[in-house]
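The next block holds one structure in the form of structure tokens; read it before the comments.
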Amino acid sequence: MGLRIYNTLTRKKDVFEPLNPGRVGMYVCGVTVYDLCHIGHARSVVLFDVIYRFLMKCGFAVTYVRNFTDVDDKIINRANQVGDYWKDLAERFIVEFYTDMDALGVLRPTHEPKATEHIGEIQALITNLIHKGFAYEVDGDVMYSVESFSGYGKLSGKKIEDLVSGARVEIDQKKRNPLDFALWKAAKPGEPYWDSPWGPGRPGWHIECSAMSVKYLGERFDIHGGGADLTFPHHENEIAQSEAAAGGAFATYWIHNGFVNIRSEKMSKSLGNVLNIRDILKTCHPETLRLFLLSSHYRSPLDYSDESLKEASSALERLYSAILVLDRLIDAKGLSSDRPEEIMNLSSRFVEAMEDDFNTPRCLAILFEAARCINRINTEYGANVEKIPSSETLLNCRTDIINLSRDVLGILKEEPVAFVERARHAGTTELGITVSEIDGLISERGQARKNRDFKRADEIRDKLAGFGILIEDGPKGATWRVKDRN
RNA sequence: GGCGGCUUAGCCAAGCGGUAAGGCGACGGUCUGCAAAACCGUUAUACGGCGGUUCAAAUCCGCCAGCCGCCUCCA
């Protein structure tokens, strides 16, 4: 069938045909480093991480570029607020970015260019645009003339006239058209600047992506991505800049991810409901957050709530625990030649789902169907070697589940035994009771149960429950876990 | 005002013309001293409403209602 991608430019799913067979060039707009990353950033970064992983799994040699915007109004303003040097502030939040993304298991792109390290390329591009008549200088600023580019609006489906009449654009006497945007901004006193043919100043926001994408990927490349909000004006302006400078086409496929809402509300600073990645990660396993982010289609809005994260956590545990069951079945050395559909051809069905515009929810459903099948085999035939499928069949299934989950989705990377153990005891230190005290009480309760003193046994269970500890009796004695953990 | 999108069980969520995936929850069962956990099973004659096209529509078209996003920095 082949890979099909919903392309914002054509507004339909297009068959993916790379410019150069076997190779893919992908540019994704990264973050402006002036604050900690929130769950919305996580969604975008994880999505493109999964796309990157999948393209590699398909055998493509992928050049993946994700930039850092490290000089901009927001950075300068924030630095002034906190009394920091803008460059130090930006560098610090780059470190914080990596802290969060590494925790989420996000792979490093091929190149991660910073705007401040490409001032030369940016200036050359602006000079080129002025020479070709697409840009003009006014008092040390350089503006892009949207009317000079006939394709302006083709990505976002907007017309210049409609936008102008919308009256939401700020009227600036320097601009020939209210929609013209800055390629180069003259420095105001106290602002960072670089010398340029137009005087001291700094790059506008949109131009860095045009300059850096051409440097690392060439004038034409395959995939350009980012959050849905970047479609206009950022990506529209990038197209205008890059196509005007090159005199030809820019990126072929435009991918935009939907937003994360918090309890059905838009996440925004003014509502005070911005959720940082690291705060969420204090309450759940990183793979839980990844699973949550991949549980709905990337173009749909995704609603975050404590409950939905908890659901993702339960779902992740279900997968890990199925692997544990599978391992027991493999050890059982089954003799049946049965090959249940749910655990066969996982790889081809998974790839088929991914090829359909990166349908990760369908991928997860395939994994859960396999998990249910494994559990059913265990409960129905667990004691009957004649009925358990052969170790070879089950081992292939295990390999598929682990490889697809780990390599493409970036989950199930832990040893199942270790994961289950960790999930049970995570957060113990905050309970006000030590592990040895817990173990002491549990062995006392075990003794009481042995003596059929169930009153005492239940007292101990209630006492531990008061500390948030849940007792689980098993064939090999009681184990415990921390309650209400994601 | 302009442009775009969404509406599927209690909740989340696939589905892209052939007769409703999956997850969570709930309920029933197995297990247990009783529980918990785990597992199994059950859980939408039905896809916002009304028309139309078709042998066949959640899926295509039209109208209506509701929700949302972008048009301003934003993933």
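Computed from heavy atoms alone, side chains included, the values below leave out hydrogens, waters and symmetry copies.
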Nucleotide B/rC74, atom P - distance to CD1 of A/I39 in whole Å: 20 Å
Aromatic contact, A/F250 with A/F221 (centres under 6.0 Å): yes
B/rC74 and B/rG15, which share atom name P, separated by this distance in whole Å: 30 Å
Sugar-phosphate, base or nothing in reach of A/S156, heavy atoms under 4.0 Å: sugar-phosphate
Sugar-phosphate, base or nothing in reach of A/N359, heavy atoms under 4.0 Å: sugar-phosphate
Euclidean distance for C1', B/rA58 against B/rG49 (whole angstrom): 14 Å
Charged tip of A/R299 within 45° of A/Y6 ring normal and under 6.0 Å: yes
Counterpart base for B/rC63, defined by Watson-Crick or G-U wobble contacts under 3.5 Å: B/rG49
is_close_aromatic(A/Y304, A/F292), centroid dist under 6.0 Å: yes
Whole-angstrom distance between B/rU30 and B/rG69, as gauged at atom P: 49 Å
No-H, no-angle donor-acceptor pair, A/D473 side chain to B/rG33 base, under 3.5 Å: no
Complement of B/rG1, any strand, by Watson-Crick or G-U distances under 3.5 angstrom: B/rC71
Distance in angstrom units between A/K266 NZ and B/rG69 P, rounded: 7 Å
Watson-Crick/G-U partner (both atom distances under 3.5 Å) of B/rC55: B/rG18
Phosphate-side-chain proximity, A/R318 and B/rG23, N/O vs OP1/OP2 below 4.0 Å: yes
Atom pair distance, as rounded to whole Å: NZ in A/K159 and C1' in B/rC3: 8 Å
Short side-chain N/O contact to B/rC39 OP1/OP2 from A/S321, under 4.0 Å: yes
Face-to-face contact A/F259 to B/rG69 six-ring, under 5.5 Å, under 30°: no
Position toward the 5' end of RNA chain B (nearest nucleotide), A/R452 or A/A322: A/R452
Spacing of the P atoms in B/rC61 and B/rC16 (rounded, Å): 15 Å
Candidate pair A/K87 and A/D70, rule salt bridge (charged side-chain N to carboxylate O under 4.0 Å, His left out), full reasoning: CA-CA 8 Å; A/K87 185 74 179 159; A/D70 63 344; 3.6 Å; yes
P spacing across the pair B/rA37 / B/rG18, given as an integer number of angstrom: 41 Å
Closest to side chain of A/S44, choosing from B/rC40, B/rA75, B/rA37: B/rA75
Sugar-phosphate, base or nothing in reach of A/R445, heavy atoms under 4.0 Å: base
Sugar-phosphate, base or nothing in reach of A/H38, heavy atoms under 4.0 Å: base
Below 4.0 Å: OP1/OP2 of B/rG5 and any side-chain N or O of A/T8: no
Nearest-angstrom distance, C1' atom, B/rC34 to B/rG48: 47 Å
Sugar-phosphate, base or nothing in reach of A/I471, heavy atoms under 4.0 Å: base
Sugar-phosphate only, base, or nothing, as touched by A/G227 at under 4.0 Å among non-hydrogen atoms: sugar-phosphate
Sugar-phosphate, base or nothing in reach of A/V325, heavy atoms under 4.0 Å: nothing
Candidates B/rC24, B/rA35, B/rC73 - which lies nearest the side chain of A/W205: B/rC73
Centroid-centroid distance, A/Y98 to A/F68, less than 6.0 Å: yes
Sugar-phosphate only, base, or nothing, as touched by A/G153 at under 4.0 Å among non-hydrogen atoms: nothing
C1' atoms of B/rG62 and B/rG1, separation to the nearest Å: 24 Å
Which nucleotide in B/rA14, B/rA36, B/rA21 has an atom nearest any side-chain atom of A/R362: B/rA14
Between B/rG23 (P) and A/L319 (CG): distance, integer Å: 10 Å
Separation of B/rG25 P from A/L309 CG (nearest whole Å): 14 Å
Sugar-phosphate, base or nothing in reach of A/S296, heavy atoms under 4.0 Å: sugar-phosphate
Check: A/L302 and A/I39 side chains under 4.5 Å, non-hydrogen atoms: no
Face-to-face contact A/F368 to B/rG22 six-ring, under 5.5 Å, under 30°: no
B/rA26 - base-pair partner by Watson-Crick or wobble geometry, distances under 3.5 Å: B/rU42
Under 4.0 angstrom between A/R372 side-chain N/O and B/rA21 OP1 or OP2: no
Side chain A/E311 and base B/rG23 donor-acceptor under 3.5 Å: yes
Ionic contact status for A/R328 with A/D331, cut-off 4.0 Å: no
Sugar-phosphate only, base, or nothing, as touched by A/T479 at under 4.0 Å among non-hydrogen atoms: nothing
Value in whole Å for how far the P atom of B/rA13 lies from CG of A/L291: 14 Å
Ring centres under 6.0 angstrom apart (A/H206, A/Y144): no
Matching residue for A/V65 among A/P113, A/S213, A/P109 - test: side-chain contact (heavy atoms from CB on, under 4.5 Å): A/P113
Mate of B/rA13 where both pairing distances stay under 3.5 Å, Watson-Crick or G-U: none
Touch class at under 4.0 angstrom, heavy-atom based, for A/R43 against every strand present: nothing
Nearest-angstrom distance from the residue atom CE of A/M267 to P of B/rG69: 13 Å
Sugar-phosphate, base or nothing in reach of A/T231, heavy atoms under 4.0 Å: nothing
Sugar-phosphate only, base, or nothing, as touched by A/K158 at under 4.0 Å among non-hydrogen atoms: base
A/R449 CZ - B/rA36 P separation (whole Å): 14 Å
Whole-Å P distance, B/rA44 and B/rG2: 43 Å
Partner nucleotide, any strand, of B/rC31 [Watson-Crick/G-U, under 3.5 Å]: none
Touch class at under 4.0 angstrom, heavy-atom based, for A/N375 against every strand present: sugar-phosphate
Side-chain (A/D222) to main-chain (A/A251) donor-acceptor, under 3.5 angstrom: no
Residue met sooner reading RNA chain B from 5', once A/K13 and A/E369 are mapped to nucleotides: A/K13
base_contact_polar (B/rC34 base, A/R461 side chain, donor-acceptor, <3.5 Å): yes
Nearest to side-chain heavy atoms of A/F232, which nucleotide of B/rG33, B/rC70, B/rG2: B/rC70
Side chain of A/T32 (C-beta onward), nearest among B/rA75, B/rA14, B/rG41: B/rA75
